Every structure is written in C-alpha cells, then in structure tokens.
Amino acid sequence: MEAFTQHTGIGVPLRRSNVDTDQIIPAVYLKRVSRTGFEDGLFAAWRHDETFVLNQEAFRHGSVLVAGPDFGTGSSREHAVWALMNYGFRVVISARFADIFRGNAGKQGLLTAECEQSDVEQIWKILEHEPGTEVAVDLTDMTVRAKDFVTTFTIDDYTRWRLMEGLDDIALTLRHAAEIDTFEGTRPVWKPTTTEADAG
Amino acid sequence: MATPTTRADGPEDTTSQDGRSSGGRGRTLAEKIWDAHVVRHGEGSEPDLLYIDLHLVHEVTSPQAFEGLRLAGRKVRRPDLTIATEDHNVPTIDTHLPIADPVSRTQVDTLRANCEEFGVRLHPMGDTEQGIVHVIGPQLGLTQPGMTVVCGDSHTSTHGAFGAMAFGIGTSEVEHVLATQTLPLRPFKTMAVNVNGELRPGVTAKDIILAVIARIGTGGGQGYVLEYRGSAIESLSMEARMTICNMSIEAGARAGMIAPDETTFRYLHQRPHAPTGAQWDDAVASWRALCTDPDAEFDAEVDIDASTLTPFVTWGTNPGQGLPLSESVPDPELIADETERFAAEKALSYMDLEPGTPLRDIAVDTVFLGSCTNGRIEDLRAAADVLRGHKVADNVQMLVVPGSMRVREVAEAEGLDTVFLEAGAQWRQAGCSMCLGMNPDQLSPGERSASTSNRNFEGRQGKGGRTHLVSPLVAAATAVRGTLASPEDLTE
C-alpha cells in the first residue's frame with residue numbers, strides 16, 4: 001500500500017445519501033478472478049444514465065468522491081473498495097461511512113474523510129459551480145481544500161497512522177518478520193510440510 | 001431451543017483440586033493450541049499474531065489473494081505449508097473434457113497459473129489426490145493434532161477432528177496468510193459440547209451434529225470454538241469425528257474440535273505426511289498433552305444424551321430446523337418465539353410442506369451422497385451396505401460423489417462402485433458437486449433432495465431446489481423407498 005500524506009485531484013459531487021455497496025458495484029460484477037478491473041462495474045446502474053456525474057466530461061477523471069451521508073452501507077464486499085480505487089478514486093468524503101466499508105477502505109488505502117454535512121454541501125456547490133475543480137486533501141493536518149474553502153475532517157488515529165505509513169495489514173505484520181522467523185525456529189521438526197518428496 | 005449454560009456469573013474459584021493456587025486455572029484444548037501459536041501478543045487492543053501451520057487453498061476464494069501478492073511484489077512465505085486443489089467448480093462427469101462454464105473454467109485455470117507462479121503444490125482435476133479440500137488434507141496426513149489450519153472456506157472446521165484449531169477465513173486473510181504465514185486474531189470463547197451415552201444402531205455422527213445444531217441454534221456457537229467431548233464422541237471413528245466438526249460452522253461457531261486419542265494416532269500412522277520413526281514418537285508424546293485440563297473452565301457448556309438420539313433430518317431452510325425422522329413437519333403456530341415462528345412459516349412455504357405431515361411421507365426426487373461432510377470412504381461403505389440387494393426407486397436419481405479421487409479408488413477396490421451402479425445410482429468423480437450450486441450438479445426449481453451435505457439454505461443446491469439434510473444411512477434408505485426413510489424401514 002502506498003503511503004498517503006496528501007492528494008489533490010478532481011472532485012466529484014455525488015448528491016446521494018445511503019449509497020450502499022450494491023449500488024457501488026452490483027453482484028453480477030463480482031465474478032472476476034483479479035482485484036483489478038472492477039471499474040467496469042462501478043455505479044453500474046447509474047452509469048447508463050447520461051446525466052450521471054461520472055458521465056460528464058469534467059468529472060470523468062475525478063479522484064476525490066464527495067458523497068452524501070451513510071456511504072458504503074449493506075453488503076461487506078471488498079469489491080466496492082476495489083471498484084472505486086480501480087476507477088481512480090483515492091479519497092471519499094462523506095458525513096458518515098458504514099463501518100465495514102470504512103474498514104475495507106482502510107485495508108486497501110482508500111482514504112475515508114469524514115466531514116460535517118454542511119461542509120460537504122459547501123464543497124458540492126463549489127464543484128458544481130466550476131466542474132473540474134480540484135480538491136486537496138491533506139492527511140497530515142486533516143484538511144480539505146476546494147478553491148478558497150478549507151475545512152477539517154476526522155479519521156480514527158490508528159487508520160490515519162497506517163495510511164500515513166503506507167502500511168496495509170500485511171505490511172504491519174511484516175514489521176514483525178523477525179518475530180515470525182524466531183517463532184519458526186521453535187516449531188517442532190516433525191510438523192508436516194506439503195512438499196511432495198518428503199512423504200516419510 | 002436451549003441456551004448453553006454460561007459460566008460468566010459468580011466468583012471463580014482459582015484454587016485447583018490439589019490446593020495450589022493456580023494463579024490462573026487450567027487451560028482448554030483450544031487455549032493450549034492458541035498459546036502454542038502466538039508469535040506476538042498484541043499491545044492494548046491490538047490482536048495477537050498467530051502462526052498458521054497449514055494453509056489449504058482452492059480456486060474460488062484465492063484468485064484475488066494471489067493477485068494481491070503480485071501487485072505488492074510479495075511471495076508466498078511458506079509454499080511448503082500450503083497446498084491447493086480444485087473442488088468447488090469441477091464437474092463430476094466427463095472430467096477429461098474442458099470445463100464447459102467459462103467462468104468456472106477461468107477460476108480453475110487461474111488457480112493453476114497462480115500455483116505455478118508461486119510454487120504451491122496443486123492437485124488438479126484428474127490427479128489421484130484431487131478432491132474436496134477438507135477430504136484431502138486429513139487423507140494425506142497433513143492435518144495433525146495441535147496444528148492451526150486455515151482455508152478460505154467455512155467448512156475448514158472439519159480438521160478440528162484431529163485436535164487442531166481449524167477455521168475458515170476471507171480472501172484478504174488468505175492473502176495475509178500466503179504472505180506472512182500468520183493471522184492477527186483475537187481469542188475465541190470456548191464451549192464444551194458434552195455428548196455422553198451409547199449411540200443406538202443406525203444413529204450416526206451426522207445425527208449427533210444435526211441434533212446439536214437443532215439444540216443450540218444456528219447462532220448458538222457464535223464467537224465460540226466448540227470442543228466435542230464425552231463417551232459418545234470418544235467412541236467415534238476419525239471420519240465420523242470429521243462429520244461432526246465439519247458442521248460446527250452451521251451452529252455459528254468459528255471452529256469445532258475433538259481432543260486427539262489413540263483413534264487419532266491410529267488414523268494418522270503411516271499416512272504420507274505423518275511423522276515417522278523417532279519423530280513419530282516425539283509427535284505422539286506431544287499430542288498426548290493436547291487435552292482440556294481437568295480444572296479448566298469453558299465459557300459455556302451444553303449436554304447431549306447420545307442414547308436418546310435417533311436418525312435426524314431437516315425439514316426447513318437452515319441446518320437448525322431439524323427433527324427426528326419419526327416426527328412430523330412442525331406447526332409454526334405452536335412455536336412461541338416470534339422470530340422462529342416467522343422463520344418456520346417462511347421455510348415451510350419454500351419447502352412446500354404442510355404442518356403435521358409425517359417426515360417419513362416426504363417424497364424426494366434426488367439423493368446426494370457426498371460432500372466434505374459425508375463424502376469419505378466410511379460414508380460410502382455405510383450407504384453401500386444399505387443399498388446391497390435393493391434398487392433406487394424409479395422416480396429417484398441418486399448421485400454418489402466420492403470426496404476425493406483416492407476415496408473413489410478405495411471404494412472401487414472394495415467393489416462399492418458395483419453396489420451403487422447395480423442399485424441404479426450414479427457413480428461420479430470427486431468434487432463438491434451438489435453441495436452448492438456452483439458446478440453442473442444442481443437441483444432444478446422445485447426439485448427435492450435428501451442430501452448428506454451441510455446446508456439446506458434456499459437455493460443452495462440450485463435455484464428453487466429443496467434440501468433435506470440426512471446421514472448416509474438415511475440417504476441410502478431414502479433412495480430405495482423414495483421417501484425419507486431409515487434402513488430399518490427397508491426390512492419391514
């Protein structure tokens with residue numbers, strides 16, 4: 001996972017609340033064998049609608065999604081996070097995130113920045129007034145900036161630390177690689193291995 | 001539904017029987033295995049880091065995990081503690097042909113490419129050791145007492161029959177184990193399931209576990225590791241113990257386990273991956289210490305009298321909705337608990353059953369003998385013994401699907417295939433088959449089965465299919481009579 005300190009990219013106003021993970025990516029798109037390529041299924045139902053925000057040229061290459069409250073509810077599918085990141089999003093700003101979605105996002109390096117709903121509305125206005133406006137998100141001082149508007153967001157300390165260090169769970173565990181090595185040295189020699197030639 | 005007795009109340013007596021202050025009581029089997037695998041104790045709210053002795057891999061839950069390794073430039077830390085097979089997607093006929101369904105074929109091909117790239121041993125379709133992941137691990141002697149065993153499959157609890165801590169994990173965790181051979185985990189609670197008394201003839205491990213699940217409910221084991229104990233458990237073969245531990249997950253438990261004993265050691269001795277010579281002696285000495293201490297306390301206990309059990313079948317759409325075969329379809333109106341009553345009404349509607357119908361009057365279209373629950377050689381032998389000299393009823397199709405190619409080979413050496421074929425059953429290749437609607441073996445809408453598998457969820461065996469979970473003995477008798485039956489019904 002790449003370390004995240006700050007990100008600046010085109011902001012995408014998604015004026016919807018309760019965006020559940022079935023809306024983020026429907027089940028029919030879960031059959032892939034990779035963790036990549038899920039951008040095809042991102043907001044699949046809505047993308048048939050020409051007026052949907054991601055179908056507008058100015059927002060097509062957005063990387064900061066600014067959504068209504070209760071983003072990511074419903075199914076626990078990690079594919080929802082994969083789909084957003086595969087498309088190019090690095091940050092989702094919302095007044096409230098569903099727990100599981102937030103957890104999955106933290107594992108994959110997608111920043112979930114929690115702002116007051118009044119701030120979200122303020123950013124929506126700016127983005128809609130001037131489509132293509134960049135939003136700057138700084139994890140160091142936990143600020144969001146769009147044009148002259150600046151506000152702060154919240155995120156739990158542990159996730160913030162992991163994101164800034166660029167550590168996924170595996171990377172965190174690998175910090176203890178020496179302890180794993182030591183433990184392996186104490187394993188009884190008769191414990192089995194799957195190596196075919198060792199039968200006996 | 002009886003709630004297990006919990007030990008949360010009352011002050012604890014920390015003095016053990018010999019009068020020493022234990023400074024902490026004795027430990028359960030689960031706690032001993034946990035303690036022996038802690039690489040690092042978590043600080044504060046941080047979880048413990050647990051070492052994993054064996055990682056079983058199959059085609060469905062592994063592709064994104066391997067992809068994750070590839071994207072991060074990581075290797076499989078211990079390919080020598082990892083083994084893969086193809087089971088969920090594979091057809092059980094015409095296995096020499098390419099898999100017809102392109103999505104299934106892609107998953108299988110992806111597993112092959114991943115195993116090749118990362119150096120993981122794979123038993124593909126057509127291989128002598130191919131089969132259901134939970135059948136081949138024990139069969140090869142890879143599952144041993146005191147181990148931690150994981151797989152991206154909830155029925156990993158099967159391996160607990162050897163006194164191992166075995167549990168299912170998600171795809172992110174699969175990747176974590178591949179990369180680090182460890183998992184960050186918080187300890188599970190422990191529950192003793194005491195099964196004492198002598199089983200009557202014709203009553204099997206499947207009937208025990210279905211009765212346990214009906215007793216504690218599909219959520220009764222949530223957060224717990226179940227330890228099955230007592231004289232009835234001790235008298236069971238290893239394969240029967242695997243049937244019991246396999247379905248721990250259907251009671252909501254993360255894992256189920258049984259302390260190893262002479263039966264366990266006899267089963268393991270001279271298996272391909274069992275220790276040999278002096279190492280065998282060292283291993284057995286270590287395994288003998290794997291039992292719950294007399295002064296250990298479980299967080300909860302439940303007692304089952306084995307001598308009162310009779311063949312058990314499910315009537316509803318979750319594994320907890322079961323009754324003795326001698327009873328009738330329950331009347332939801334007589335169920336006091338509102339949630340359960342609603343669930344029963346919904347289940348009877350899906351199952352198209354009328355309250356009061358004797359379970360023995362329920363006619364089936366299909367009988368499925370197989371799965372990681374009941375696809376082992378003893379299961380096939382038990383069913384063949386019932387079928388000898390009988391024919392499968394005209395309006396019934398019976399699929400016999402060995403849990404592994406090795407099981408199939410042994411069965412054929414014993415002539416069991418002939419018994420099944422002469423009775424009119426189909427003799428298939430190894431795989432998960434009709435346990436789940438993922439490969440070509442599926443029920444059609446409205447079709448009803450008696451199945452030795454583990455889940456009777458709506459649509460589990462195919463969209464609109466109706467499932468009654470049964471033991472191999474009941475499956476065979478049902479195939480002959482065409483309605484749910486036990487072997488004694490055939491002699492009347």
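Every chain is numbered from 1 and lettered A, B, ... according to where its sequence line falls, protein lines coming before strand lines. Values below: every heavy atom of this structure, side chains too, minus hydrogens, waters and symmetry copies. As the structure is a computational prediction, the values presented were derived from the model and not from experiment.
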What pairs meet the salt bridge (Lys or Arg N to Asp or Glu O under 4.0 Å) rule with one or both residues in [range], with sequence neighbours excluded?
range	value
residues 51-67 of chain B	A:Arg187-B:Asp53, A:Lys191-B:Asp53, B:Glu67-B:Arg70
residues 43-58 of chain A	A:Glu57-A:Arg60
residues 6-16 of chain A	A:Arg15-A:Glu128

Under a 4.5 Å heavy-atom cutoff, which of [options] has the most pairs with chain A?
options	result
B:Val120, B:Ile83, B:Thr106, B:Thr82	B:Thr82
B:Gln181, B:Glu175, B:Gln270, B:Glu129	B:Glu175
B:Ser172, B:Ala65, B:Pro184	B:Ser172

Counting heavy atoms not belonging to [X], are there more than 12 under 6.0 Å from its [atom1]?
X	atom1	result
A:Glu116	CD	no
B:Arg112	CZ	yes
A:Asp141	CG	yes

Using a 4.5 Å cut-off on heavy atoms from C-beta on, say whether the side chain of B:Leu71 contacts that of A:Thr36. yes
Please examine the side chains of A:Pro188 and B:Gln279, heavy atoms only from C-beta on, and report whether any two atoms are closer than 4.5 Å. no
Proximal component of [X], with respect to chain A [non-hydrogen, under 4.5 Å]:
X	answer
B:Ala283	both
B:Ala278	neither
B:Thr182	side chain
B:His55	neither

Work out which heavy atom in [X] is nearest to a heavy atom in [Y]; give both atom names and the distance.
X	Y	value
A:Ala177	B:Arg77	O-NH2, 4.5 Å
B:His176	A:Thr173	NE2-OG1, 2.8 Å
B:Leu49	A:His176	CD2-CB, 4.4 Å
B:Ala179	A:Ile170	CB-CG2, 3.6 Å
B:Leu81	A:Thr194	N-OG1, 3.8 Å
B:His273	A:Thr193	ND1-O, 2.9 Å

Quick one: CD1 on A:Ile180 to CZ on B:Arg78, what's the gap to the nearest 0.5 Å? 11.0 Å
Once the angle between the rings of A:Phe183 and B:His37 is folded into 0 to 90°, is it parallel (under 30°), tilted (30 to 60°) or perpendicular (over 60°)? tilted
Under the criterion side chain to side chain contact (heavy atoms under 4.5 Å, CB included), I'd like the reasoning laid out for B:Tyr51 against A:Glu184: C-alpha separation, chi angles, the key distance, then a yes or no. CA-CA 9 Å; B:Tyr51 198 81; A:Glu184 281 180 334; 2.4 Å; yes
Those residues of residues 137-146 of chain B that come under 4.5 Å of chain A on a heavy-atom basis, listed by number, are B:Leu142, B:Gln144, B:Gly146
